[in-house]
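Below is one structure, written out as structure tokens; comments come after it.
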Number of protein chains: 2
Amino acid sequence: MSALPDTASPLYEKVKEYILTNIGTGKWSKDRKLPSENEFVAALGVSRMTVHRALRELTSAGFLIRLQGVGTFIAPPRPQSTLIEINNIAAEIVARGNRHRSEVLVLERITPTKELSLSFEFARRVSLYHSVVVNFENDLPVQLEERFVNPSLIPDYDKQDFSKTATYDYLMQKTPVTEVEHIISAVPADAETARHLAIDIGSCCLLLHRRTWTGAIVATISKLTYVGSRYSLGSRYSPSLRA
Amino acid sequence: MSALPDTASPLYEKVKEYILTNIGTGKWSKDRKLPSENEFVAALGVSRMTVHRALRELTSAGFLIRLQGVGTFIAPPRPQSTLIEINNIAAEIVARGNRHRSEVLVLERITPTKELSLSFEFARRVSLYHSVVVNFENDLPVQLEERFVNPSLIPDYDKQDFSKTATYDYLMQKTPVTEVEHIISAVPADAETARHLAIDIGSCCLLLHRRTWTGAIVATISKLTYVGSRYSLGSRYSPSLRA
DNA sequence: ATGCGGGAAAAGTATATACATGTATGTATA
DNA sequence: TATACATACATGTATATACTTTTCCCGCAT
């Protein structure tokens, strides 16, 4: 008798589906209040806790907004942002069925410049790991990757053979990333970059700056330069998948 | 007496914090089983439902993996991807405290080329809306935005005054986006682009291709060209915020 | 040794109940 | 009229309990 779908899923999932359907068909107008938890209980014949769970999950998925003491409302269409995904370049190349190879140009411990030390949010000048690696797709250089690493978080960074393990894989494995900052821009290649990537000086490159944090500590700062004519960043994703 | 933090947050949040802390400090080795729900109940003095909620939320946030009948495990470090956010350019410019202005160059209904029709996954050739807009930051052109819009989803696209309402805002408001595809690359400016953006032919530009879907239907296809020297895409975000 | 069966253990779901907390509203009082 | 208080109602949290579903493992019989 209840209006719930009769799929073979848990009750709270049916309630979620029921609510989403009624939002989608416009049965509940976008600016008025949804039924209260107790009204759902009466209408659907399930317990309040089950309704509550359904509503809570739809809220955390961004479909609803709930105000304690007031009621439940339909969330405004979508956040004004969309996302693109940045993948591990080695994995991407292999996924395309091509050969990946990398060449380590530099792997050393350095004393940072004042500016770099600032980017790491260091009070004192602490020494850092510094690596420069070129990534090849079918023996064609596609990316130059310069990275500075906080040795307090990744103490044995320089012990790795990065021509075998991808630096990205290694870092992701060693320390959990709690925050990421990205800046993407397009720049002409300077002399050194052009030499490493075997392109003309001034050709368009995609420049990706990345900082990662572990807790409150800056873990890595990277500068990834992609050859514009040979590489692009791509992704496809569903905004509402964050259930 | 319990080992839970004494912050002023709900119990299940304290349990989550407690678990995350113990994962972070390596108290629980990465490949062994975490305590069972009942063991948590005994150790922390809270009910099983509370423990269950904490564990469930940490699981949906990607920190844990749970197997019915087996146990709870620490999830492998992170998915091999990080995200960058692409915001509405008008909002971004205003957020920086600068003036935003846009100029509509083209707003028409066209019959698409065969290739474009294919990108829309159309069987027959259906006419499309086509718009070209230049966005200015403090009277300096920073982005050229060419867009094709499916009229079956947004029938009155051409009735808008896009020098007032941002196209992106308008689209987001009209139709829910269920899927997005992005491709970012770096290209030299061609003659026409250079003219519209007031830059030299061949200067570096950031090129962003975007397709959006509403359900199974392609809603929009956009080509956004940013002046490399004047604009970059940036974001900062917490991978674990998807709770 | 192999395979089968049953029990123990683990997570998953559902409910009833109680209390906590925040919000709006109406009524009585100054 | 305006303020204060009481009340009703909404969501939020916490617990006890019961049952389900899945997996693992051990012991027994073949």
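Below, chains carry the letters A, B, ... as their sequence lines are ordered, and counting in each starts from 1.
- R56(B) has its CZ atom 10 Å from the C1' atom of dT13(C), to the nearest Å.
- Residue L34(B) contributes atom CG, which lies 16 Å from atom C1' of dA9(C) at whole-angstrom precision.
- Taking atom CZ on R53(B) and atom P on dT13(C), their separation rounds to 14 Å, with Å as the unit.
- Under the 3.5 Å distance criterion, with hydrogens and angles disregarded, a donor-acceptor pair is assigned to the side chains of S152(A) and N150(A).
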Contacts under 3.5 Å, N or O only, protein and nucleotides 23-26 of chain C:
none

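- R101(A) and E137(A) are not joined by a salt bridge, as no carboxylate oxygen comes within less than 4.0 angstrom of a charged side-chain nitrogen.
- The partner of dC26(D) is dG5(C), judged by Watson-Crick or G-U wobble contacts that both fall below 3.5 Å.
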message: Using the rule given for salt bridge (Lys or Arg N to Asp or Glu O under 4.0 Å), can you reason through E37(B) versus R66(B), listing the C-alpha separation, both sets of side-chain angles and the distance that settles it, and then say yes or no?
response: CA-CA 11 Å; E37(B) 295 188 353; R66(B) 315 195 75 196; 2.9 Å; yes
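- Side-chain atoms of E17(B) do not come within 3.5 Å of backbone N or O of K14(B) as any donor-acceptor pair.
- If you measure from atom NE2 of H52(A) to atom P of dT13(C), you get 16 Å, rounded to the nearest angstrom.
- In this entry the distance linking CZ of R48(B) with C1' of dA11(C) reads 6 Å, nearest Å.
- With a cutoff of under 4.0 Å to any heavy atom of chain B, the contacted region of DNA chain D is bounded 5' to 3' by dT13(D) to dT23(D).
- The aromatic rings of Y157(B) and Y129(B) sit tilted, their planes meeting at an angle between 30° and 60°.
- Under the 3.5 Å distance criterion, with hydrogens and angles disregarded, no donor-acceptor pair is assigned to the side chains of R147(B) and S131(B).
- When only modelled atom types and interatomic distance are considered, Y231(A) and E92(A) share a side-chain donor-acceptor pair under 3.5 Å.
- Side-chain contact annotation: R210(A) with S222(A), donor-acceptor N/O pair under 3.5 Å absent.
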Pairs under 3.5 angstrom, nitrogen or oxygen only, protein versus nucleotides 3-6 of chain C, please.
none

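- Between K14(A) atom NZ and dA14(C) atom C1' the separation is 12 Å, expressed in whole Å.
- Regarding E57(B), its CD atom lies at a distance of 16 Å from the P atom of dA11(C), rounded to whole Å.
- The main-chain N or O of R99(A) is found under 3.5 Å from a side-chain atom of N138(A) such that the two form a donor-acceptor pair.
- Panel note: side chain T50(B), backbone V46(B); no donor-acceptor pair is recorded below 3.5 Å.
- Put simply, the side chain of N98(B) never gets that close to the backbone of I93(B): no donor and acceptor are under 3.5 Å apart.
- With the nearest nucleotide of DNA chain C identified for both E13(A) and G71(B), G71(B) has the one nearer the 5' end.
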